[in-house]
Amino acid sequence: MKLVVTEKNDAAEKIANLLGASKPTKDKVYSTPVYRFTVSGEEWVTIGLRGHILEPDFATQLVYSDRGWQGVTMEGEALPASVPDELPRPPYSTKRKPFLPDGIELKSWKMDALPYLVYAPIEKLPKEKDIIRSLKNLAKKCDSVIIATDFDREGELIGSDALSCIQETNATAPVFRARYSAFTKEEITHAFGNLVQLDDNLAQAGASRQDIDLIWGAVLTRYLTLVKFAGYGNVRSSGRVQTPTLALIVARERERLAFVPEDYWVIQGAFGAEPDDFAAPHVTARFKVKADADAVMARVEGCAQATVNAVESRKRTVKPPAPFNTTSLLAAAASEGLSPARTMRIAESLYMDGYISYPRVDNTVYPSSMSLEETVRAISGNPAYGPYCAELLRKGKLTATRGKQETTDHPPIYPTAKAEPDDMPAANYKLYNLIARRFLATLSEPAVIEGTKVTLDVNGEAFAARGDVLVKPGFRAIYPYGLKKDEQLPSLAEGQVVAFNGATCTHKQTEPPARYSQGKLIQEMEKLGLGTKSTRHAIIERLYNVKYIVNDPIEPSQLGMAVCDALDKYAPLITHPEMTAELEGEMTAIAEGSTTKDAVVLDSRNRLAGQLQQLLPRAEEVKEALADAVAADAYVGACPKCGKDLQIRASQKTKSMFIGCAGWPDCDVTYPLPKGKIESVPELCPTCGMPQVKVTAFRSKPRVACIDPTCATNHEPDVDVGACPACAEAGREGRLIAQRNPRTLKRFIRCQNYEQCETSYPLPQNGRLTATEEACEHCGAPLVIVTTARGPWKLCPNFDCPGKEAAEEARAVKGRGRSAAKGAKAPAKKAAAKKAPAKKAASSRASAKKAGAGE
């Protein structure tokens, strides 16, 4: 039996379908799905992992004996450790944590443990125990193993870790590696027909990144959290890549804050008569002295004619774009409204469904082995591309553009199968359409634009109008992204006299440097060597999650600026990209075999130790900086009782958010927070004068609400929605009242006799409520109508209503019927297309969160 190991379950199923002589049999080994099939009469089985099945973690303790330092795991096993002689050894003068009689407790978050944590040994622990158990069960019966995880550092590491688990049970089975870039029949068949060896250097490069990011992330995050442990967002995250990326954003914000705007004046003239009227600015683009602009306006005042002094026309050629790699795809998608993190989730989904090639690539040159013509034919069935594809194919041999980066691991990102809008969710098709059109653009001719410049004279003052017209669309016929509209001037000749309709003088000011968009930041990170194609989007998402940055274009929060400024002041190596880029280079050297994982990890430990040595004595200064920033970000308004700051805080017990006074415990003023994203606003409530917040609930438009639940703007009258079924059954009268709790802001229906019947139903927190005088046929609860911006809907508020379960079963049956009907008309791949993205998006979010937390 051949055992094929893939990175995800979807990949295991896809490979089984593409390789098997007949439809594979779906089975389970313990709780893990597997797919059994035959190839040339031989039994094969594929199993999908869930990304990393092992994860690195520190030893729980460091102990010192006559044999030197050793790490101790949770199970009591000893791990070799290399701790510098400068760090004190036991016995210690205190028994308080983290100090032990014979060493250091590493699991406790204590400042004194951090210098030791830098050098703590790392072990690999099971992360997916069920999958590991299934792997080992299959390993006992297999004759050979094929690792078919994604071909990059992370994929090689995932495959290597899986192999280490397999070899605990079967150490003699031959091991091979299948490398592929797309889930197509041809690609998968070629990969499994040309197996290679697992690249241990590549896996070690991935493992070094895991270890380095764990060490830097854990030490710096613990330090920042320990110096200022407060209610609003307790953990202060930091990392090897995360912090210099934040520093880029903060540096740009500092430039904006330091920017001093300069005044200037712009003069615009109006010429011609309708329908051939046009505008032209003065040839002096900006007048820095108002008197000079006033002098021009005085000279042209009262003039009714202008003379055309010159007409110049030039054609310029715009080359087609280079093929997409990950960075350029993320930047292009961001311009179309898809965030980098969302783009990568969708791209992963499209790849797994067989619509595009592998989306994590640096390459911008199609390999010579790739058939460009076959790819064009594959997508030509889409009516939007069909005529253009036919035109390309009529030219014969196709030649593609070439980007600056050429690697041999994967081709650039290109479409591998036809897709239409009905095949997938709208956002997925939006990205697929971008990729497909980009691919066709790379095979196209340049676009030709004709630019016209007309110079006009008005009483000795020169004005110049410019127009651009796309005279030969070339690649622009299929790739309109970023194309400006034609700005055509009327037909004019030198010496011609045209009407002058006056001029305007507008006062303006110079603008500060623009903030980074997510797409621009991805490009800047690549230029500086921060992160990798697989992690940059997750780093940005992590910065949003820990509230260091907000909005897009990206703006740093007060906390983000404080964290960055404190680290930059006392440990600048952490915030500058050079150190991170050097470590990235060392990891690349591991992949090339010119250095080792141990050497690179030790180098990173020493660098971090030097920075920590500078930070530890400055804990109080860092604490003060973070305290001010936390208060600024959490500020809502002034406390009506004592005048101190009202802040968004987190409950130490429940971790739920609320508004509390900074004067606690002397002042006990608190207010509940409505559900959703909360932002403070400067305007006070016009009704009661209390502070207001902007609330953005899930899938709802933002609204401004007063923080005081007793304010008239928050008052919601009670609604009698009907008789209580429980009371009626007991022979008494009880009315069900819809109401909102002023303390918690939760809305619910409750019986007037609640102490006796305990009848209560939850309600949606937003929307106008209307009683229907109807009762649910399944449970007797009153039916109500909730009206929101999306429209009214009638519902039974009883979560345990038997009718809900029946309705869900009916929807499931209906869905299966639609899927069966669709499957009868279309290929199996299409039938699965709508289901796959949601499932993979969830796993991608988990992996993105994991990746972001480390760096």
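Computed from a predicted model, the values in this text were never measured in an experiment.
- Side chains of Glu592 and Asn201 form no contact here, defined as non-hydrogen atoms less than 4.5 Å apart.
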request  = Show the numbers, then the answer: is there a side chain to side chain contact (heavy atoms under 4.5 Å, CB included) between Thr401 and Thr364?
outcome  = CA-CA 9 Å; Thr401 57; Thr364 55; over 6 Å; no

key: Verdict with supporting geometry, Glu348 and Lys8, salt bridge (Lys or Arg N to Asp or Glu O under 4.0 Å)   = CA-CA 11 Å; Glu348 177 73 15; Lys8 297 181 178 70; 3.2 Å; yes

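- Scored by the salt bridge (Lys or Arg N to Asp or Glu O under 4.0 Å) test, Asp603 finds Arg607 as partners (sequence neighbours excluded).
- For the salt bridge (Lys or Arg N to Asp or Glu O under 4.0 Å) test, no residue two or more places apart in sequence or in another chain qualifies with Lys520.
- Here the two rings, on Phe58 and Tyr116, have centers that are 6.0 Å apart or farther.
- Using a 4.0 Å cut-off between a side-chain N of Lys or Arg and a carboxylate O of Asp or Glu, Arg153 and Asp199 do not qualify as a salt bridge.
- No side-chain donor from either of Tyr570 and Arg618 sits under 3.5 Å from a side-chain acceptor of the other.
- A search for side chain to side chain contact (heavy atoms under 4.5 Å, CB included) contacts involving Ala609 returns Val118, Tyr119, not counting sequence neighbours.
- For the 3.5 Å distance criterion, the side chains of Ser339 and Tyr544 fail to qualify, holding no donor opposite an acceptor.
- Between Leu612 and Tyr223, the shortest heavy-atom contact is CD1-CD1, 4.4 Å.
- When all heavy atoms of Ser357 and Ala182 are compared, the closest pair comes out as CA-CB, 4.1 Å.
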key: side chain to side chain donor-acceptor pair (under 3.5 Å) between Asp362 and His410, worked out   = CA-CA 8 Å; Asp362 291 320; His410 292 284; over 6 Å; no

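- When every heavy atom of Ala322 is checked against every heavy atom of Gly403, the shortest pair comes out as CB-CA, 3.8 Å.
- Under the 4.5 Å side-chain criterion, counting only non-hydrogen atoms from C-beta, Leu530 is not in contact with Glu524.
- Using a 4.5 Å cut-off on side-chain heavy atoms (C-beta onward), Ser164 and Leu54 make contact.
- Residue Ser557 holds its OG atom at 10.5 Å from CD of Glu253, rounded to the nearest 0.5 Å.
- Minimum interatomic distance between Leu79 and Ala59 (heavy atoms only, all atoms of both residues): CD1-CB, 4.2 Å.
- By the 4.0 Å N-to-carboxylate-O rule, Arg342 lies too far from Glu541 to be salt-bridged with it.
- Scanning both residues, Thr149 and Gly155, for their nearest heavy atoms gives OG1-O, 2.7 Å.
- Closest approach of Ala332 and Tyr479 over heavy atoms only: CB-OH, 4.5 Å.
- Glu123 and Thr73 share no side-chain donor-acceptor pair at under 3.5 Å.
- Figure legend: Arg437 and Tyr481 shown without cation-pi pairing, the cationic atom not lying both under 6.0 angstrom from the six-membered ring centre and within 45 degrees of its axis.
- Taken to the nearest 0.5 Å, the CD1 atom of Ile413 stands 6.5 Å off from the CG atom of Asn325.
- Inspection of the His52 and Glu154 side chains reveals an N or O donor paired with an N or O acceptor under 3.5 Å.
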